[in-house]
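Encoded as structure tokens, the structure appears first; notes follow it.
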Amino acid sequence: GEEGVRELPQYLIRKLLKETGEGAGDGRDVMMIGTYEYCRKLRSWQALCLLDRFITDDMAEEVATLLYEGNIGRQTHAAIRYFMEAFGIRMLRAHPGRAAPYLLGALRKLDLTAQVQSSLLTIVG
């Protein structure tokens with residue numbers, strides 16, 4: 001029924017955020033353009049930008065954790081980072097009270113690369 005219509009997008013959001021965050025720091029962060037892994041991550045972030053409207057308040061903190069602790073700090077190609085930032089912006093606008101603490105926590109880290117700092121500042125606006 002209608003509940004299933006909401007549950008499927010929420011399941012996909014969680015699954016995609018977990019999958020895009022896999023391998024952080026293990027050398028798989030940097031991939032070649034055009035490879036299966038690159039295309040999968042790019043399409044995953046594009047899908048997340050379409051699915052973000054299904055993020056509810058009760059799942060917003062989990063999504064923010066997956067975004068800011070599992071994904072945003074990774075070295076990523078510009079095309080993938082673009083959609084990651086777009087998702088972060090939309091998440092912050094829709095759920096500011098739930099997403100902002102995780103964003104601010106990420107900004108407080110002193111060991112961020114320039115790429116990550118730029119992404120976080122882009123999301124802040």
Side-chain angles (χ1 to χ4, degrees):
E2 192 172 312
E3 189 172 314
V5 171
R6 282 185 300 241
E7 288 177 5
L8 178 61
Q10 292 172 350
Y11 166 79
L12 289 173
I13 290 165
R14 289 178 174 107
K15 181 174 176 41
L16 290 171
L17 281 169
K18 288 175 185 173
E19 287 180 358
T20 56
E22 288 176 354
D26 71 356
R28 291 190 296 165
D29 291 355
V30 179
M31 63 201 95
M32 293 189 58
I33 293 173
T35 63
Y36 171 78
E37 183 69 10
Y38 174 87
C39 294
R40 186 179 70 79
K41 290 200 187 249
L42 179 63
R43 294 293 186 207
S44 293
W45 282 107
Q46 289 170 337
L48 284 163
C49 286
L50 296 173
L51 292 169
D52 69 338
R53 69 185 59 122
F54 296 101
I55 298 171
T56 59
D57 278 344
D58 63 322
M59 70 182 289
E61 288 185 37
E62 178 187 1
V63 170
T65 300
L66 291 167
L67 175 62
Y68 292 109
E69 295 178 12
N71 281 287
I72 205 80
R74 300 173 58 138
Q75 288 293 88
T76 308
H77 288 281
I80 295 171
R81 187 155 293 277
Y82 172 83
F83 289 101
M84 188 184 297
E85 292 167 356
F87 179 80
I89 291 166
R90 294 168 62 102
M91 172 73 182
L92 185 62
R93 286 184 180 163
H95 306 279
R98 304 209 186 248
Y102 294 91
L103 174 60
L104 294 174
L107 279 167
R108 286 187 186 106
K109 294 180 182 176
L110 300 175
D111 60 346
L112 300 174
T113 66
Q115 183 188 51
V116 174
Q117 290 172 8
S118 176
S119 287
L120 292 172
L121 293 174
T122 298
I123 292 168
V124 169

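A 4.5 Å side-chain heavy-atom check between Val124 and Leu120 finds every atom pair outside the cut-off. Proximity of Val63 to Tyr68: side-chain heavy atoms (C-beta onward) are nowhere separated by under 4.5 Å. At a threshold of 4.5 Å between non-hydrogen side-chain atoms, the residues Asn71 and Phe87 do not count as touching. With a 4.5 Å cut-off on side-chain heavy atoms, Leu104 and Leu107 count as touching.
When the side chains of ILVMFWY residues are joined at heavy-atom separations under 4.5 Å, either directly or via intervening members, Leu50 and Leu92 end up in two distinct hydrophobic clusters.
Look at Arg81 and Glu85 and you find no salt bridge, because none of the NZ, NE, NH1 or NH2 atoms lies under 4.0 Å from a carboxylate O.
Taking each heavy atom of Phe54 and Met59 in turn, the nearest pair found is O-SD, 4.0 Å. What you find for Leu112 and Ala106 is that their closest heavy atoms are CD1-O, 3.3 Å. Taking every heavy atom of both residues into account, Ser44 and Leu16 meet most closely at OG-CD2, 3.6 Å. The two atoms that bring Met91 and Ala64 nearest to each other are CE-N, 3.9 Å, heavy atoms only. Residues Lys18 and Leu66 share a closest heavy-atom pair of CG-CD2, 3.9 Å. Nearest heavy-atom pair across Gln10 and Thr56 is NE2-CG2, 3.1 Å.
No donor-acceptor distance shorter than 3.5 angstrom exists from the side chain of Ser118 to the backbone of Ala114, with no hydrogens or angles considered.
Distance check, rounded to the nearest 0.5 Å: CZ of Arg98 to OG1 of Thr65 gives 11.5 Å. Rounded to the nearest 0.5 angstrom, Leu67 CG and Leu103 CG are separated by 8.5 Å. Atom CZ of residue Phe83 and atom CG of residue Leu42 lie 6.0 Å apart, to the nearest 0.5 angstrom. Atom CD of Glu62 and atom CD1 of Ile55 lie 10.0 Å apart (nearest 0.5 Å). In this structure, the separation between CG on Leu48 and CG on Leu12 is 9.0 Å, given to the nearest 0.5 Å.
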(request) Could you go through the side chain to side chain contact (heavy atoms under 4.5 Å, CB included) check for Arg90 and Arg53 one step at a time? (result) CA-CA 9 Å; Arg90 294 168 62 102; Arg53 69 185 59 122; 4.2 Å; yes
(message) Determine whether Ile123 and Met84 satisfy the following criterion, side chain to side chain contact (heavy atoms under 4.5 Å, CB included), listing intermediate values before the conclusion.
(response) CA-CA 9 Å; Ile123 292 168; Met84 188 184 297; over 6 Å; no
(request) Using the side chain to side chain contact (heavy atoms under 4.5 Å, CB included) rule, take Met32 and Tyr38 through it: C-alpha gap first, then chi angles, then the decisive distance, then the call. (result) CA-CA 7 Å; Met32 293 189 58; Tyr38 174 87; over 6 Å; no
(request) Start with the C-alpha distance between His77 and Lys41, add both sets of side-chain angles, then the distance that settles side chain to side chain contact (heavy atoms under 4.5 Å, CB included), and finish with yes or no. (result) CA-CA 10 Å; His77 288 281; Lys41 290 200 187 249; over 6 Å; no
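Atom CZ of Arg43 has 12 or fewer heavy atoms from other residues, nucleotides or ligands within 6.0 Å. Sparse packing is recorded around NZ of Lys15, with 12 or fewer heavy atoms of other residues, nucleotides or ligands lying under 6.0 Å away.
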